Chemist: 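Okay, handing you the structure first.
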There are 2 protein chains.
Amino acid sequence: MEKIRPFSHALDRLRDAGLRPTRQRLALAKLLFDDCDRHITAEQLHSEALAGNIRVSLATVYNTLHQFTSAGLLREIVVDAGRSYFDTNTTCHHHFFDENTGILSDVPEGQLQVTGVPTPPNGSEVESVDVVVRIRAAS
Amino acid sequence: MEKIRPFSHALDRLRDAGLRPTRQRLALAKLLFDDCDRHITAEQLHSEALAGNIRVSLATVYNTLHQFTSAGLLREIVVDAGRSYFDTNTTCHHHFFDENTGILSDVPEGQLQVTGVPTPPNGSEVESVDVVVRIRAAS
DNA sequence: GTGTTTGCAAAGTGTTTGCAATTTA
DNA sequence: TAAATTGCAAACACTTTGCAAACAC
């Protein structure tokens, strides 16, 4: 039952991942992990950082997001050609993607189920099974 | 049991869709629809066209792919941020995406099943449920 | 100090657009 | 001929990269 570890949370995460806790990484980690699960793009995170008076370049935001993803701290979600979303919830779950607003949200656990995932073609192994429920304002 | 209509196939499709059958559209439609189901990017289709001595610009390939998609002749599949795939099979089915090769292929029918698709957040309706089985060469 | 990380600006990728020239009905 | 379509090149959005300066240990 992992609960909120408000302060050293971000620091711990970086340490555990073997990432040097620089000012920028710490600040971004706080934005990403101190609250509830988040779905965010690089641009959004960059804006948030600037809004919070965290001086960080967009390039560093991209680098950091990818480092966090490699370290297993984030999961990258592909829903939109030409934009990458990162999810702070790395456990297996699925997504709603609102085509109108571009907002990504979690499908509540325990309802949607995928069964009968087939054996992939010769010599390949399944890495993940991603389900995206595309929604839009009812007509 | 719809079977092969080799020659006028592409022409019929364009007519049915209300798209003026220009030289370029006809040629692209033939490449897309005359054989089995295909998963293809704009660049790939453009290369194929050039290889087949069909003079067509990349911009027109993009326009055409989108017109075909709007007309319901194609389905756009998002598996890779920064690249769009188009599927000539518009019926409901799911995909393997090979992360190593970038090749998209169909999951054989009748195995994979999605159940319990939840009601989407207020006022939205489900447009589609896309399942991507990400695979890579076994380690 | 030494190796890592950052910021910037430039380059890259895939895609879209504006508009004159061409083509289709 | 009138309206739709095409090609080109420029513009675009997002992302990555190269390298000197700044930083963490």
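Below, chains carry the letters A, B, ... as their sequence lines are ordered, and counting in each starts from 1. Quick caveat, the model's predicted, so the values are computed rather than measured.
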Chemist: 5'-most contact on DNA chain D: A:Y85 or B:A59, nearest heavy atom basis?
Modeler: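 Whichever sits nearer the 5' end wins; that is B:A59.
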
Chemist: Could you work out which one of C:dT17, C:dG7, C:dG14 sits closest to the side chain of A:T60?
Modeler: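 Closest nucleotide to the A:T60 side chain: C:dG7.
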
Chemist: Between the side chains of A:D106 and A:H39, does any donor sit under 3.5 Å from an acceptor?
Modeler: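 Checked: A:D106/A:H39 side chains pair up, N/O donor to acceptor below 3.5 Å.
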
Chemist: For the pair made of OH in A:Y62 and C1' in C:dC8, what is the distance, rounded to whole Å?
Modeler: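 In whole Å, C:dC8 C1' lies 16 Å from A:Y62 OH.
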
Chemist: Spell out, as yes or no, whether a donor-acceptor pair under 3.5 Å connects the side chain of A:R134 to the backbone of A:V79.
Modeler: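 Yes.
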
Chemist: Hey, does A:R20 reach any base, or is it just sugar-phosphate, or nothing, if we go heavy atoms under 4.0 Å?
Modeler: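 It contacts base atoms.
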
Chemist: Between A:S84 and D:dC14, is there a contact of a side-chain N or O with OP1 or OP2 at under 4.0 Å?
Modeler: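 Checking D:dC14 against A:S84, no side-chain N or O comes under 4.0 Å of OP1 or OP2.
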
Chemist: Considering heavy-atom distances to DNA chain C, does A:T64 or B:R55 have its closest nucleotide positioned more toward the 5' end?
Modeler: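 It is A:T64 whose nearest nucleotide is closer to the 5' end.
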
Chemist: When you measure from the side-chain N and O atoms of A:S57 to the phosphate of C:dC8, is any distance below 4.0 Å, counting only OP1 and OP2?
Modeler: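 A:S57 to C:dC8 OP1/OP2: no side-chain N or O under 4.0 Å.
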
Chemist: How close or far is atom P of C:dG7 from atom CG of A:L58, stated in whole angstroms?
Modeler: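 Whole-Å distance recorded here is 11 Å.
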
Chemist: In whole angstroms, how far is the C1' atom of C:dG7 from the CG atom of A:L28?
Modeler: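 Atom-to-atom, A:L28 to C:dG7, this comes out as 14 Å.
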
Chemist: Write down the distance between CZ (A:R23) and P (C:dT6), rounded to a whole number of angstrom.
Modeler: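 It works out to 10 Å between those atoms.
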
Chemist: A:E43 CD to D:dT16 C1': how many Å, rounded?
Modeler: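 My rounded result for the distance is 14 Å.
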
Chemist: Report yes if a side-chain nitrogen or oxygen of B:T22 is closer than 4.0 Å to either non-bridging phosphate oxygen (OP1 or OP2) of D:dT6; otherwise report no.
Modeler: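 So the side chain of B:T22 is within the cut-off, an N or O lying under 4.0 Å from OP1 or OP2 of D:dT6.
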
Chemist: Would the distance check show the side chain of B:H46 and the main-chain N or O of B:V56 forming a donor-acceptor pair, the cut-off being under 3.5 Å?
Modeler: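 Checking the backbone N and O of B:V56 against the side chain of B:H46, a donor-acceptor pair under 3.5 Å is found.
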
Chemist: Look at B:H66 and C:dT15 and indicate whether a side-chain polar atom (N or O) is within less than 4.0 Å of OP1 or OP2.
Modeler: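 The answer is no; no side-chain N or O of B:H66 sits under 4.0 Å from OP1 or OP2.
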
Chemist: Return one dot-bracket line describing DNA chain D 5' to 3' (Watson-Crick or G-U wobble pairs, both distances under 3.5 Å; ( ) same strand, [ ] crossing, | another strand, . none).
Modeler: |||||||||||||||||||||||||

Chemist: Measure the CD-CD1 distance between A:Q24 and A:I54 for me, rounded to the nearest 0.5 Å.
Modeler: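 Between atom CD of A:Q24 and atom CD1 of A:I54 there are 10.0 Å.
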
Chemist: Using a cut-off of 6.0 Å, state whether more than 12 heavy atoms not belonging to A:N122 lie near its atom CG.
Modeler: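 Count not over threshold, so no.
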
Chemist: Check whether A:D98 reaches the backbone of A:T101 with its side chain - one donor and one acceptor, N or O, closer than 3.5 Å.
Modeler: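 Yes: the side chain of A:D98 pairs with the backbone of A:T101.
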
Chemist: Less than 4.0 angstrom between a side-chain N/O of A:Q24 and OP1 or OP2 of C:dG7, yes or no?
Modeler: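 It does, given that an N or O in the side chain of A:Q24 lies less than 4.0 Å from OP1 or OP2 of C:dG7.
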
Chemist: Atom CD of A:E76 and atom C1' of D:dT16: how far apart are they, to the nearest Å?
Modeler: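 Computing the A:E76:CD to D:dT16:C1' distance gives 13 Å.
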
Chemist: What is the distance from CZ of B:R25 to P of D:dA4, rounded to the nearest Å?
Modeler: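 In whole Å, D:dA4 P and B:R25 CZ are 11 Å from each other.
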
Chemist: Within the distance-only criterion (no hydrogens, no angle test), does the side chain of A:R25 pair as donor or acceptor with the backbone N or O of A:R20 below 3.5 angstrom?
Modeler: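 Yes; at least one donor-acceptor contact below 3.5 Å.
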
Chemist: Expressed as a whole number of angstroms, how long is the span from B:L19:CG to C:dA25:P?
Modeler: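 Atom CG in B:L19 sits about 12 Å away from atom P in C:dA25.
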
